[in-house]
Amino acid sequence: MRRKLAAGNWKMNGSGADLAMLGELARRHPAPDCQVLICPPATLIDRAARAVDGSAIAIGGQDCHFGANGAHTGDISAAMLAEAGATAVIVGHSERRQDHHENNDMVRAKAEAALAAGLTAILCVGESQAQREAGRTLDVIAEQLAGSMPQDATAHGVVIAYEPIWAIGTGLVAEPAQISQVHEFLRAQLRQRLGEQTGQAIRLLYGGSVKPANAAEIFAVADVDGALVGGASLSAADFAPIIAALDASA
Ligand code: 13P
């Protein structure tokens, strides 16, 4: 059985005052069936981790460097995230791939660094609008997965998030049939690459304009084990019903 995961990515949003939502979330969902993870900006990880201490909420980072330490101004290592209280880190988000020119090799190295530091790597893949229109969606996903999966991937250490770029922050949500097609494909690729047991056990998240109003429909799709949520993870009023929808899904 794969434990479902509701993950929030705050991106470059939120201040210390917004950490109050963590307490509110914990009050609304003291013992969720699913795992709940919030990834705030790096500057808030330490405080967020203290704020959730004793609750069911875990804290993650949004990116890490692939090196252990060294002359990399502005970067943060996976071990530093872990020391600050993170238990997971997002790698290969399309905004990092675009804004910081991260390629599959770099993303794979980051995922491997995350595993080495004991963090769960949430590895993002997803096609652009142009790639979808050109009928290349599955080719793009296959290439990203093949190029950015870490060596020695384990079910505990790796989560895959399918985030179609055109659905991120746009209010456009992939249709259940589109999500189903990609998740089924990802599952087959994982089984082929990692063997039946690990391939079946790795969790697959959908991300892209997940909101309280559409969460139940998305979570009803086969092989959707949860969501990676941007905008709607910033407030308990939006994220709590998404957790409830995930817990209610079969
Ligand atoms: P939105 O939920 O704001 O569309 O963002 C999705 C995302 O990119 C999460 O990583």
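Source: prediction; values computed, not measured. One-based numbering, in listed order, for ligands and for the atoms of each.
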Asker: Can you sort out the partners of Arg193 under salt bridge (Lys or Arg N to Asp or Glu O under 4.0 Å), two or more places apart, ordered by chain and number?
Answerer: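 Counting only residues at least two positions away or on another chain, Arg193 forms no salt bridge (Lys or Arg N to Asp or Glu O under 4.0 Å).
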
Asker: At their closest point, which heavy atom of Val52 faces which heavy atom of Ile57, and how far apart are they?
Answerer: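 Heavy-atom minimum between the residues: CG2-O, 3.3 Å.
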
Asker: Under 4.0 Å from a heavy atom of Leu228: give me the atoms of ligand 1 that qualify, with their elements.
Answerer: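 Those of ligand 1 that fall under 4.0 Å from Leu228 are 9 (C), 10 (O).
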
Asker: Pairing donors with acceptors under 3.5 angstrom, does anything connect the side chains of His93 and Gln62?
Answerer: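 No, no side-chain donor-acceptor contact under 3.5 Å.
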
Asker: Which of the numbered atoms in ligand 1 are under 4.0 angstrom from any heavy atom belonging to Glu163?
Answerer: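 Listed by number with element: 6 (C), 7 (C), 8 (O), 9 (C), 10 (O).
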
Asker: I'd like to know whether ligand 1 has Lys11 as a neighbour, heavy-atom separation below 4.0 Å.
Answerer: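 Checking ligand 1 against Lys11, which is what was asked, there is a heavy-atom contact under 4.0 Å.
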
Asker: Search all heavy atoms of Ser94 against all heavy atoms of Ile168 and return the closest pair with its distance.
Answerer: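 Heavy atoms only, the tightest pair is OG-CD1, 3.3 Å.
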
Asker: Flag Glu95 as yes when one of its N or O atoms lies below 3.5 Å from any N or O atom of ligand 1, and as no otherwise.
Answerer: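 In this structure, Glu95 places no N or O atom under 3.5 Å from an N or O of ligand 1.
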
Asker: State which residues pass salt bridge (Lys or Arg N to Asp or Glu O under 4.0 Å) with Arg97; sequence neighbours excluded, sorted by chain then number.
Answerer: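 Partners of Arg97 by the salt bridge (Lys or Arg N to Asp or Glu O under 4.0 Å) criterion come out as none, since no residue qualifies.
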
Asker: For Ser209, counting its heavy atoms only, list the atoms of ligand 1 lying under 4.0 Å from any of them.
Answerer: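 Close to Ser209: 1 (P), 2 (O), 4 (O).
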
Asker: Short list, please: which atoms of ligand 1 are under 4.0 Å from a heavy atom of Gly231?
Answerer: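 The atoms of ligand 1 under 4.0 Å from a heavy atom of Gly231 are 1 (P), 2 (O), 3 (O).
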
Asker: Regarding ligand 1, does Thr170 bring an N or O atom to under 3.5 Å of one of the ligand's N or O atoms?
Answerer: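 For ligand 1, there is no N or O atom that lies under 3.5 Å from one belonging to Thr170.
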
Asker: Among protein heavy atoms, which sits nearest to atom 2 (O) of ligand 1, and what does the distance come to when rounded to 0.1 Å?
Answerer: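 Answer, as residue, atom name and distance: Gly230 N, 2.9 Å.
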
Asker: Work out whether the distance between some heavy atom of Gly207 and some atom of ligand 1 is less than 4.0 Å.
Answerer: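 Under 4.0 Å: no for Gly207.
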
Asker: Any idea which heavy atoms bring Arg203 and Lys4 closest together, and the distance?
Answerer: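 Shortest heavy-atom separation between Arg203 and Lys4 comes out as NH1-O, 4.2 Å.
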
Asker: Could you tell me which non-hydrogen atom of Ile45 sits nearest to which non-hydrogen atom of Gly61, and how far apart they are?
Answerer: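 That would be CD1-CA, 3.8 Å.
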
Asker: Taking 4.0 Å as the limit for heavy-atom contacts, which would you say applies to Asn9 with ligand 1: side chain only, backbone only, both, or neither?
Answerer: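 Side chain only.
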
Asker: Let me know which of Glu127, Glu133, Gln131, Arg132 forms a side-chain hydrogen bond (donor to acceptor under 3.5 Å, both in side chains) with Gln129.
Answerer: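 The side-chain hydrogen bond (donor to acceptor under 3.5 Å, both in side chains) with Gln129 is passed solely by Glu133 among Glu127, Glu133, Gln131, Arg132.
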
Asker: In the protein, what heavy atom is nearest to atom 4 (O) of ligand 1, and what distance, to one decimal place, separates them?
Answerer: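 The protein heavy atom lying closest is Gly169 N, 2.6 Å.
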
